2 protein chains.
Amino acid sequence: MSTPGRGLHGRVLETLGPAITAGEYPPGSVLRTDELAQTFEVSRSVMREAVRVLESMHLVESRRRVGVIVRPAAEWNVYDPQVIRWRLAGADRPRQLRSLTVLRSAVEPIAAGLAARHATAEQCAEITECAIGMVAHSRGHKLEGYLHHDVAFHRLILNASGNEMFARLGDVVEEVLAGRTHHAVMFDDPDPAAVTLHVQVAEAIREHDAPRAEELTREITEGALQELDILAPNGHFTASG
Amino acid sequence: MSTPGRGLHGRVLETLGPAITAGEYPPGSVLRTDELAQTFEVSRSVMREAVRVLESMHLVESRRRVGVIVRPAAEWNVYDPQVIRWRLAGADRPRQLRSLTVLRSAVEPIAAGLAARHATAEQCAEITECAIGMVAHSRGHKLEGYLHHDVAFHRLILNASGNEMFARLGDVVEEVLAGRTHHAVMFDDPDPAAVTLHVQVAEAIREHDAPRAEELTREITEGALQELDILAPNGHFTASG
DNA sequence: AACCCATTAGATACGACTAATTCAAGCCCC
DNA sequence: GGGGCTTGAATTAGTCGTATCTAATGGGTT
């Protein structure tokens, strides 16, 4: 979507990356550069560049005389947007979605509190606009329009927090929200209570009421977590939803 | 420390990466592969692999007929451990430390709450041991020993949370804590109140009291934020401490 | 104003050489 | 005779240089 195979090495990565993150090669598996180059019908130079990228993501480790070794999942750079996309596209999508939602529940309330302190008048206006847009699309099967405003809403707050680490989680939030809409997690119309909460959050930020913005956002993310629990009640270590 | 120049391209990255993250090349700057290869006295192949890694970190973007373009800081993969290290080693270390501390203040309380729910007896024991170790090193200029147990304490909790995204922040916490100890942010002995809080967190986790573990951890991270404010009182957008 | 072409710099490919690491055979010492 | 160390051969990634391809840019032409 954002990186549609820029160049040959990119196309190789689009196959190799998902394969590794999906666990098709168990930790410790050894791949040979030459072999891979033949398999993907590219030159060794291209394959080496692809391996370098995988290495920078800590998905693999290349050693002389041995080959390219697949690292255990615990060492992967799980915050790399590319890795996140690959994992969301793979088999352990449910677990990944849960991890990200828990991360959201930690970050977004704090971000909302900071936004209430730091947001400019313009940012407040944009956030409010999104909330209004959500209300407008909350009834009558307008899920796509609702999603659009929902994503923008959360992204604006993360940006308005003034913390670059928070701001960079905008894509993560988008993935989670889009996943919820497009994988039948959401009913025909969004929960009216959630919509109200978003409006109230916008209000709180506009009024620079940080504790209220934080608490209301906490309620939103709590709701998101509960939605997941309904789908995969086993809780934390659910393998497949 | 963890990656001491693996290969030629690694050594190139150790110079180019910090230079870019330090802002030596303003956003939009164009680097030429050939030129860089000459500058670093390596072949183009090696330079291309280095560029690929920088590209995967979203530090640069390479376009035909143009060159290698430095991206604005807002697009960087700021969660990449390598990028974090480069930025911590550079001029905007203070701002980076603040960003990371704010992130801690969001994540660690939630992680502690989850740890209180999920931690095994063995994990509880290890956490308690660390807290005891912190107490033992809290007096008499034993800062290094204190730091060691402090890092282990927070890392164990992040791991015990059962959330992989949280677990991967262990290195971040280590960097922040080490930075505090080694850059004269801490006085001769750590704050006794903070030590007590750590002991109480261990207690709460052992007793599976999630709300208490969360609240106590919040007090710890609040303290960390206040420490930063003492150093750089200008608050959020302090450029230099 | 629209189109075409030359220029340019990255993208790909290939082949040769280098260096490091592993494994095993062989040696020495005990 | 057995265990541990040394040494060397095989293997595979690392590096380099060159040649060719591709695509974006800018200028010139119609």
Side-chain angles (χ1 to χ4, degrees), chain A residues 2-17 19-20 25-72 75-77 82, chain B residues 1-17 19-20 25-72 75-76 82:
Chain A
S2 55
T3 51
R6 297 186 319 281
L8 262 191
H9 82 106
R11 229 160 304 157
V12 170
L13 281 173
E14 273 174 23
T15 306
L16 245 190
I20 293 175
Y25 306 97
S29 300
V30 175
L31 313 173
R32 248 95 36 104
T33 307
D34 294 352
E35 241 176 61
L36 289 173
Q38 282 186 350
T39 304
F40 288 99
E41 294 177 322
V42 295
S43 72
R44 212 163 66 104
S45 325
V46 170
M47 186 50 67
R48 285 180 53 75
E49 289 169 21
V51 168
R52 283 282 176 266
V53 173
L54 294 175
E55 209 176 10
S56 85
M57 294 169 174
H58 272 69
L59 296 185
V60 303
E61 179 191 358
S62 97
R63 287 223 295 260
R64 278 180 149 143
R65 181 56 177 93
V66 177
V68 178
I69 307 167
V70 178
R71 306 179 84 137
E75 298 177 11
W76 298 347
N77 281 0
Q82 188 96 72
Chain B
M1 199 169 278
S2 55
T3 51
R6 300 183 320 279
L8 264 189
H9 82 105
R11 230 160 303 157
V12 171
L13 281 173
E14 274 174 23
T15 307
L16 245 190
I20 294 176
Y25 305 96
S29 301
V30 175
L31 313 173
R32 249 103 26 116
T33 308
D34 298 0
E35 243 175 59
L36 290 174
Q38 282 187 351
T39 304
F40 288 98
E41 293 178 326
V42 295
S43 72
R44 277 202 301 268
S45 320
V46 170
M47 186 51 67
R48 285 180 54 73
E49 288 169 19
V51 168
R52 284 280 179 265
V53 173
L54 294 175
E55 209 176 9
S56 85
M57 296 169 173
H58 273 69
L59 296 185
V60 303
E61 179 191 358
S62 95
R63 285 221 297 259
R64 280 182 146 137
R65 180 61 175 98
V66 178
V68 177
I69 307 167
V70 177
R71 306 178 83 136
E75 297 176 11
W76 297 348
Q82 189 96 76

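Keep in mind that the numbers below use all heavy atoms, side chains included, and drop hydrogens, waters and symmetry copies. The model shown is predicted, which means the values in this text are computed figures rather than measured ones. Per chain, numbering begins at 1; letters A, B, ... match sequence-line order.
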Side-chain contact check for A:R64: nearest option of C:dG10, C:dT22, D:dA13 is D:dA13
Look at the side chain of A:D34 and decide which nucleotide, out of C:dG10, D:dA13, C:dT12, has an atom nearest to it.
D:dA13
A:W76 side chain vs A:V60 backbone, donor-acceptor pair below 3.5 Å
no
Tell me if the CD atom of A:Q38 is crowded by more than 12 foreign heavy atoms within 6.0 Å.
no
Select from A:R63 and B:S45 the residue whose nearest nucleotide in DNA chain C is closer to the 5' end of that strand.
B:S45
Tell me whether the OP1 or OP2 atom of C:dT12 has a side-chain N or O from A:R44 closer than 4.0 Å.
no
Could you tell me whether the phosphate oxygens of C:dG10, OP1 or OP2, come under 4.0 Å of any side-chain nitrogen or oxygen in B:R65?
no
Report the nucleotide, chosen from D:dA13, C:dT22, C:dA13, that has the shortest atom-to-atom distance to any side-chain atom of A:V42.
C:dA13
Got a second to check how far B:E14's CD is from B:H9's NE2, nearest 0.5 Å?
10.0 Å
With the side chain defined as heavy atoms from C-beta on, B:L8 is closest, among D:dC16, C:dA13, D:dG14, to D:dC16
Looking only at atom types and distance, does a side-chain atom of B:D34 sit under 3.5 Å from a main-chain N or O of B:R44, one as donor and one as acceptor?
no
Residue pair A:S45 / A:R48, side-chain heavy-atom distance below 4.5 Å:
no
Could you state the atom-to-atom distance from CZ of A:R11 to P of C:dA11 in whole Å?
13 Å
Between C:dG10 and B:T33, is there an OP1 or OP2 to side-chain N/O distance shorter than 4.0 Å?
yes
When rounded to whole Å, the CG to P distance for the pair A:L13 and C:dA11 reads 14 Å
Could you tell me whether the phosphate oxygens of C:dT12, OP1 or OP2, come under 4.0 Å of any side-chain nitrogen or oxygen in B:R52?
yes
What integer distance in Å separates B:L36:CG from C:dA9:C1'?
13 Å
Would you please confirm or rule out a distance under 4.0 Å between OP1 or OP2 of D:dG17 and any side-chain N or O of B:S43?
no
Determine the contact category for B:R48: base if any of its heavy atoms lies under 4.0 Å from a base atom, sugar-phosphate if only primed atoms, P, OP1 or OP2 are that close, otherwise nothing.
base
